[in-house]
Amino acid sequence: MQKLIIQGGVPLHGEISISGAKNAALPLLCAALLTGESLKINNVPALHDITTMLSLLKQMGTDISGSNNEVVLSAATLSQLIAPYEMVKTMRAAILVLGPLLARAGEAEISLPGGCAIGMRPVDLHIKGLQAMGAEIHIRHGYIHAVAKKLHGARIVFDIVTVTGTENLMMAATLAEGTTILENAAREPEIIDLANCLKAMGAKIQGAGTDIITIEGVPSLHGAEHTVMPDRIETGTFLVAATATGGEIHLKNTDAHLLDAVLDKLTEAGARIDSNGNWINLKMNTKPKSVNVRTAPYPAFPTDMQAQFMSLNCIADGTAIITETIFENRLMHVQELKRMNASIEVEGNAAIVTGIAHLDGANVMATDLRASASLVIAGLIAQGETVIDRIYHLDRGYENIEGKLSALGAQIRRTQ
């Protein structure tokens, strides 16, 4: 099993480019199932989850070609309407084929999804929404069996905000008869990115980026070309790393407007941030100040940045409270950070972090995707050597993270 070895204590300096967003690319790939024509997607990141999704779509009969972060998908003939357990168990986003398959083929059989062990993340909101649109759905032997001769429009009110639920039902509604209204919809930038692609394919969508999205169904969608938005979580991770190490970095191919809440917290910690168009520059000249964090749906502070800020707070001046409201099991990285001498106490869904002079290098284990990023940041600021095990989590969401960190001066290498 591969590991990352980090020699800490080196401030990050330099310039790198941000990759396309994983959480935008995955639903965009699934959108190819909605048309028999070709869909070209640019700026697709080279990640394990992307490879898994492409393998799943190919198994369903989609022709896939392209190179250099460009993917061309053609689902002219769907030969298999099944997403088997073996393909789905490591990636919850596989549930995103359910809506498109039902809308276009009228049938789907999807294994209940897996992914990071950060909480329940049930798919009942997806199922209830599709049932409201006329689908007959049963769960047997760990599989969702869904049939719908023709989906119809419906008014769907989400009990809680769900990003993948919003994406799934939005895609399904593009080919449904009549008008679908999604209320309490997710407002994430990735929702807007998917809506823009669907509209380029001929869909009629209004309100993406607000909590009410209206979709007027059309008989069919056509081919299109779309470029994946920058990864706001990768952007935030590198900015936190530079802040924690006291460095200065310039990030290209990104957008500051995608992560206002994160930039506000970094400024509060003492970082100087400039941005314009598609770049962000961060400079950190002082020891960081502790910052309180409370996760909530967009546009509030993202749960996917909670673990990274915990590592920053470990060596900041003062005491911070980090409250996780999205996932009930997303503080597992606390025990690993404590192995590095961090001062953290957990009370329910909150972690109280008291900054100390420095972390100590240690052998640690990644428990999920963003927790692994927090351990990388901790390794960058620790004294001595840090060895991170189970880094396959990193490969699910960060394209060539050790290469990019090396370009910024970090002493980091991958080994067996």
Side-chain angles (χ1 to χ4, degrees), residues 16-32 34 39-51 53-54 66 68-73 91 93 96 100 161-168 170-171 174 185-201 203 205-211 213 224-240 250-263 273 275-281 297-305 308 369-370 373 396-401 404:
I16 58 171
S17 291
I18 295 300
S19 300
K22 180 196 84 158
N23 290 337
L26 290 170
L28 288 168
L29 295 174
C30 295
L34 291 166
L39 176 63
K40 183 179 181 182
I41 304 178
N42 306 311
N43 200 32
V44 179
L47 303 170
H48 186 268
D49 275 11
I50 298 295
T51 301
M53 182 63 81
L54 290 174
N68 298 325
N69 299 106
E70 295 180 355
V71 178
V72 180
L73 306 100
M91 185 183 64
L96 288 168
V161 175
T162 165
V163 176
T164 53
T166 300
E167 292 167 340
N168 225 343
M170 185 166 65
M171 286 190 284
T174 61
R187 296 186 283 167
E188 271 73 1
E190 293 81 5
I191 301 289
I192 300 173
D193 205 37
L194 175 61
N196 287 339
C197 178
L198 293 172
K199 287 192 284 187
M201 297 168 67
I205 302 172
Q206 293 182 330
T210 75
D211 59 356
I213 302 176
E225 182 174 351
H226 183 80
T227 298
V228 179
M229 62 174 276
D231 196 315
R232 60 192 174 101
I233 304 303
E234 183 192 20
T235 300
T237 299
F238 279 106
L239 292 175
V240 172
H250 186 82
L251 303 181
K252 301 185 299 181
N253 301 324
T254 188
D255 185 348
H257 297 297
L258 298 174
L259 61 165
D260 288 335
V262 171
L263 297 184
I273 301 172
S275 63
N276 187 6
N278 67 346
W279 59 263
I280 301 174
N281 194 87
Y298 189 87
F301 190 91
T303 180
D304 279 353
M305 287 300 305
Q308 298 90 316
L369 169 54
R370 305 308 172 185
R396 293 184 55 228
Y398 292 92
E399 183 176 34
N400 188 26
I401 188 168
K404 292 183 178 183

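Along the sequence shown, residues carry numbers from 1.
- In this structure, the separation between CG on N281 and CG on L251 is 8.0 Å, given to the nearest 0.5 Å.
- Atoms OG1 and CD1, on T254 and I18 in that order, are 5.5 Å from each other to the nearest 0.5 Å.
- Of all heavy-atom pairs between V228 and A24, the closest is CG1-CB, 4.0 Å.
- The distance from atom CG of N42 to atom CG of N68, rounded to the nearest 0.5 Å, is 11.0 Å.
- Between D231 and K22, none of the side-chain N atoms (NZ, or NE/NH1/NH2) sits under 4.0 Å from a carboxylate O, so this pair counts as no salt bridge.
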Please report the C-alpha distance between V72 and L39 in whole Å, then the side-chain angles of each, then the deciding distance to 0.1 Å, and finally whether the side chain to side chain contact (heavy atoms under 4.5 Å, CB included) criterion is met. CA-CA 6 Å; V72 180; L39 176 63; over 6 Å; no
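- Side-chain contact check for P299 versus R187: some heavy-atom pair is nearer than 4.5 Å.
- Between V71 and K40 the shortest side-chain heavy-atom distance does not fall below 4.5 Å.
- D193 places a side-chain N or O within 3.5 Å of a backbone atom of M229 that can act as its donor or acceptor partner.
- N253 CG to E234 CD: the interatomic distance, rounded to the nearest 0.5 Å, is 10.5 Å.
- Looking at T174, its side chain does come within 3.5 Å of a backbone N or O of M171 through a donor-acceptor pair.
- Distance check: H250 NE2 to K252 NZ gives 7.5 Å after rounding to the nearest 0.5 Å.
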Assess whether side chain to side chain contact (heavy atoms under 4.5 Å, CB included) is satisfied between I213 and M170, documenting all intermediate values. CA-CA 8 Å; I213 302 176; M170 185 166 65; 4.1 Å; yes
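- Here the closest non-hydrogen pair linking P45 and I50 is O-CG1, 3.4 Å.
- In terms of modelled atom types and a separation under 3.5 Å, the side chain of N69 and the main chain of V44 share a donor-acceptor contact.
- Put simply, the side chain of T166 gets close to the backbone of A186: a donor and an acceptor are under 3.5 Å apart.
- Heavy-atom minimum distance, L73 versus I41: CD1-CD1, 4.0 Å.
- With values rounded to the nearest 0.5 angstrom, L47 atom CG is found 11.5 Å from M91 atom CE.
- A donor-acceptor pair shorter than 3.5 Å can be found between the side chains of K404 and S19.
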Go through the steps for V163 and N23 under the test side chain to side chain contact (heavy atoms under 4.5 Å, CB included), then give the verdict. CA-CA 10 Å; V163 176; N23 290 337; over 6 Å; no
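- Between M201 and A224, the shortest heavy-atom contact is CG-CB, 3.8 Å.
- When every heavy atom of L96 is checked against every heavy atom of P100, the shortest pair comes out as O-CD, 3.1 Å.
- The neighbour count for E225 CD, taken as heavy atoms of other residues, nucleotides or ligands under 6.0 Å away, is above 12.
- For the residue pair R232 / Y298, no side-chain donor-acceptor distance below 3.5 Å is found, with atom types taken as modelled.
- Listed for the Q308 side chain is a donor-acceptor partner under 3.5 Å among the backbone atoms of D304.
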List the steps, then state whether side chain to side chain contact (heavy atoms under 4.5 Å, CB included) holds for L369 with D49. CA-CA 11 Å; L369 169 54; D49 275 11; 5.9 Å; no
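- Within the 4.5 Å cutoff, the side chain of L258 has no heavy atoms near those of the T235 side chain.
- When every heavy atom of M53 is checked against every heavy atom of A93, the shortest pair comes out as CE-O, 3.5 Å.
- Side-chain atoms of D211 never come within 3.5 Å of backbone atoms of A185 as a donor-acceptor pair (strictly under, hydrogens ignored).
- With E399 contributing its side chain and A46 its backbone, the two residues share a donor-acceptor pair below 3.5 Å.
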